[in-house]
Structure formats: C-alpha cells, structure tokens
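All remarks here apply to the structure that follows.
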Amino acid sequence: MPSPSGPAPSGRTPACPDGARAAGGAPRTDEARPAGYRAVFAVHEFRYVFAAHLLSSLGVVVCELALSVLVFRITASPLLSALTFALGLLPYAVGGTLLSAVADRCPARRVLVVCDLLCALAAAGMVLPGMPVAVLLALRCVLAAIAPVFAGTRAATLGETLGEGELFVLGRSVIRLVNQGAQLAGFAAGGLLLAAVTPRAVLALTAGTFLASALLLRLGTRARPARRGVRGALLGASLGGVRRLLADRRVRALLLLTWLPPAFVVVPEALLVPYSGLLGVGPAGTGLLLCSMPIGAVVAESLVGAFLGPRARARLTFPMGVFAVLPSLGFAARPSLGWAVLLLVLTGTGISYNFGVDRWFVAAVPEELLGQAMTVMQAGRMTVMGLAMGLAGVAAQWAPLRVVMPAAGVVGAVCVLAVICEVRRTTPGPDRASAGPVRGGAEPVAGAEK
C-alpha cells in the first residue's frame with residue numbers, strides 16, 4: 001500500500017487540494033467552491049465516455065426487458081422470465097473475481113471496446129430465431145460477467161481523464177446519474193418498443209447501442225498503456241489481486257461501506273410488487289413505486305453534486321450512508337401509496353453517500369491495482385444486491401411484509417454503523433475527522449481527500 005503522503009504514483013493525476021489543476025489545465029482549489037458538472041463536461045474526452053456509457057446502459061436495461069418478454073413468450077414460465085433479471089446480478093461475482101485483473105493488465109481503451117463488442121455479439125446471438133432458452137440465458141450471463149470488468153476499467157480511467165480530485169468525484173457522480181436515469185428511460189423506451197415491434201427486433205437495436213458505444217470509445221478516448229498489474233496467468237493474477245485488496249484493512253472497510261447500504265436498500269425495493277398488491281393499487285401504482293427510488297437518487301445526486309463542495313459532501317458520507325436504510329422502517333405502519341412513494345424517494349437520496357466513499361477508495365488502493373479494485377467494488381455491490389433480493393423474497397414467504405421491510409432498516413443501520421466505525425479507525429493521518437488521505441504530499445483537508 002502506498003503511503004498517504006509523498007509523491008503521487010505515475011500514470012494518475014494527484015488530488016491536491018491546493019494549487020491543483022483540473023483536467024483542462026486551469027488551476028483550482030478543491031475546497032474553495034464546487035467545480036460543478038459543467039467543469040466535468042468541459043473535458044472533451046469525458047463527453048465521449050458519457051455518451052458511450054449512456055448508450056450501453058440503455059442497451060443493458062432494454063436488453064433485460066426484451067429478453068424477459070421473449071423468454072416468457074417462448075416458455076410461458078414466469079420463473080424463467082424472472083430469472084433473466086436475476087442473471088443480470090449474480091454472474092457479477094464471477095466476472096468481478098476471475099476476470100478482474102484484465103482491467104490493469106491490458107490497455108483500458110482496448111478493454112472497453114472489446115467488452116462492448118462482446119456485448120454486441122451476445123445481444124446479436126439472442127436475435128437468432130430458434131435459439132434455445134438455455135442459450136439465451138447463457139448469453140445473458142455473458143453480459144453480466146462482462147459488466148463488472150467494463151465498469152471497473154471505465155471507473156479507473158476516469159482518474160486519468162479527470163484527475164482523482166474534485167472532477168473525478170463529479171465524473172463518478174455523472175456515471176451514477178446515467179445508471180439511475182437508464183432504469184427509468186430504459187424501461188419506458190423498452191415498453192414502447194415492445195408495443196411496436198417484436199422482442200428480437202428490440203434485441204437487435206440493443207446490439208446496435210453496444211456497437212455505437214464501442215465506436216465512441218475507440219474514436220473519442222486516448223490510448224493509454226496498461227497499468228503495472230500482477231503478472232502471470234489471468235485467473236491467478238485476478239485471485240491474487242483480490243486477496244491483496246481484501247487483506248488491506250482500510251480497503252476492506254471501504255468496500256464494505258460501498259456494498260452494505262445498497263444491500264439493505266434493495267430489500268424493500270425487491271418487495272414492491274407484492275406490497276402494491278397488498279395495497280391494491282394496480283399496475284400504475286406499482287410502476288410509480290418502482291420509479292420512486294431512482295427519482296430520489298437522481299434528484300439527490302444532482303443537487304449534492306451541483307451545489308455542495310468537497311467538504312460538505314464528505315461530511316454527508318456517514319450520515320447519508322445510515323439514512324439510506326432508515327426510511328424502510330416506515331413500512332411497519334403499512335403506509336398508503338403516497339406515503340410509500342415518499343419513503344422510497346427518501347431512500348433514494350441516500351445515494352449521495354457515494355461522493356465521499358469514491359474519493360477515499362481511490363486514495364486507498366495501490367495504483368497498479370486501481371482497475372481491479374474498481375471492478376471488485378462494482379462486482380461486490382451487484383452481487384450482494386442480488387443476494388439481498390433473493391433473501392428478501394425468502395423472508396417474505398415466512399413473515400409479513402410489514403415485518404420484513406422494516407427489519408432490513410434495523411439490521412442495515414446496525415451493520416452500516418459498525419462499518420463506519422471501522423472506516424474511522426482505519427483513517428490514516430492525525431485528522432480522523434477526514435476519512436481519507438490526499439495523494440501528492442499535501443496536508444490532509446477534511447472532505448477534500450479523495
């Protein structure tokens with residue numbers, strides 16, 4: 001592990017709070033005032049990354065919906081149809097563990113383009129008539145296994161595109177906004193497309209979005225050399241890198257802080273369909289409930305990123321991490337549709353805790369494992385969310401919803417508070433009010449570190 005002070009590693013822009021330069025070269029200070037999203041989009045290369053991510057995210061969401069409809073039409077099985085969504089989460093563990101070293105062993109642009117091309121091929125394979133359902137589900141697993149490698153590589157390259165200071169944090173925020181917005185726009189667009197054309201035609205369109213994403217990344221981003229990753233066979237290097245990351249106490253604590261709040265947040269979300277049935281609100285009410293959490297996330301992420309500076313965002317990290325799991329306690333009172341929507345919107349606002357965690361995590365991991373670390377972070381988050389959804393369904397078979405949904409808030413609050421204590425204990429430097437160091441040898445400043 002590199003020391004929190006001293007010279008910044010090569011290949012990565014240091015996050016210096018004083019006298020630092022943004023990716024465009026203009027001097028700035030992280031703590032003076034928020035750089036704002038406009039400064040992020042002023043970086044030419046990031047605009048291509050944003051457009052490519054928007055296309056690929058929409059492609060994934062629409063692909064999931066179209067494939068689910070296609071499988072149901074072929075089999076008339078609700079179980080197999082639902083399985084297409086579950087397979088979008090669980091294979092993350094495979095790709096994020098066994099393939100994670102790819103993010104550091106190969107040039108980033110090549111990894112991103114190849115991942116998009118493989119996704120396009122998988123989507124194109126789903127279009128072929130007469131394709132067995134087992135093969136369709138296997139192709140869905142391929143998409144899910146590739147996803148963490150793509151996400152981790154892209155996250156690591158943001159540090160080279162934007163620097164790892166204020167612009168990096170805002171760039172990560174934009175990526176989260178795209179992810180949340182893609183859920184809303186993707187399901188809406190997918191529903192409209194499926195009403196007009198066949199599921200296979202929609203899948204062909206998603207293959208086109210992956211190809212367009214690959215083209216944007218190839219033409220709009222710089223070719224950079226690979227990092228100094230662990231050498232040897234891919235499997236051994238991937239597992240060795242994961243062991244090295246998890247052996248570091250601070251990295252392990254920050255990974256848990258990244259994984260645990262979403263794991264408990266998705267419990268009420270996973271039970272919204274049966275809850276809407278309990279309320280008797282019909283399909284429109286169910287759709288409103290399902291949209292509420294992403295809406296809260298988009299609004300909170302946008303406001304915090306646009307109007308708060310690094311210090312304020314860092315101070316929000318721990319409170320919002322705990323707050324995210326608390327609104328589910330309100331489901332103990334069996335709230336009506338309006339109150340349930342409010343609880344879910346408030347839950348979505350907890351996403352703003354990621355601002356601080358992102359910055360601290362990048363400062364904590366070794367430079368040569370940055371891509372792999374971001375891959376493991378993403379894979380772990382999606383895997384625990386998938387497991388939590390499954391456990392929520394099992395629990396709801398044995399206990400009423402008004403018990404299961406609030407129980408997630410109680411257990412979640414206890415677990416998140418325990419992890420926060422561990423993050424505080426592992427904070428380097430004399431100032432433990434700030435939860436992470438600043439690279440580049442500058443004096444740590446509360447809220448401006450990472």
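We number each residue from 1, following the sequence as shown. Quick caveat, the model's predicted, so the values are computed rather than measured.
Taking the centre and axis of the six-membered ring of Y48, the NZ or CZ atom of R218 falls outside the cone set by 45° and 6.0 Å. Figure legend: cation-pi geometry between R47 and F41 absent, as NZ or CZ is not positioned both under 6.0 Å from the six-membered ring centre and within 45° of its axis.
How far CG of L290 is from CE of M293: 9.5 Å, rounded to the nearest 0.5 Å. Atom CZ in R140 sits 7.5 Å away from atom CG in L67 (nearest 0.5 Å). Note that the CZ atom of R243 and the CG atom of D248 stand 15.5 Å from one another [nearest 0.5 Å].
The closest donor-acceptor contact from the side chain of T426 to the backbone of V423 lies under 3.5 Å. Of the possible donor and acceptor atoms, one in the side chain of T153 sits under 3.5 Å from a partner among the backbone N and O of V149. Here the side chain of Q180 pairs no donor or acceptor atom with the backbone of I295 at under 3.5 angstrom. Under a 3.5 Å cut-off, the side chain of Y353 and the backbone N or O of T258 do form a donor-acceptor pair. In terms of modelled atom types and a separation under 3.5 Å, the side chain of S56 and the main chain of H53 share a donor-acceptor contact. Judged by distance alone, the side chain of S213 and the main-chain N or O of A52 form a donor-acceptor pair under 3.5 Å. No donor-acceptor pair under 3.5 Å is formed between the side chain of R252 and the backbone N or O of L245. Without hydrogens or angle criteria, T206 side chain to L203 main chain gives a donor-acceptor distance under 3.5 Å. The main-chain N or O of W259 is never found under 3.5 Å from a side-chain atom of R381 such that the two would form a donor-acceptor pair. Side-chain atoms of R313 come within 3.5 Å of backbone N or O of L308 as a donor-acceptor pair.
Side-chain atoms of S302 and Y37 form no donor-acceptor pair, as typed in the model, at a separation below 3.5 Å. No hydrogens or angles considered: a donor-acceptor pair under 3.5 Å links the side chains of S173 and E301.
Checked against the 6.0 Å centroid threshold, F168 and W360 do not count as a close aromatic pair.
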Run the side-chain contact (heavy atoms from CB on, under 4.5 Å) check on F150 and L112 step by step: do they pass?
CA-CA 6 Å; F150 182 90; L112 295 174; 3.7 Å; yes
Test R109 against E160 for salt bridge (Lys or Arg N to Asp or Glu O under 4.0 Å), laying out the working first.
CA-CA 12 Å; R109 187 175 70 177; E160 298 167 340; over 6 Å; no
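Annotation: R110, atom CZ; neighbour count of heavy atoms from other residues, nucleotides and ligands within 6.0 Å does not exceed 12.
Of the options L215, V60, L121, a side chain to side chain contact (heavy atoms under 4.5 Å, CB included) to F210 is made by V60 and by none of the others.
In this structure, the side chains of R172 and N354 stay at 4.5 Å or more apart for every pair of heavy atoms.
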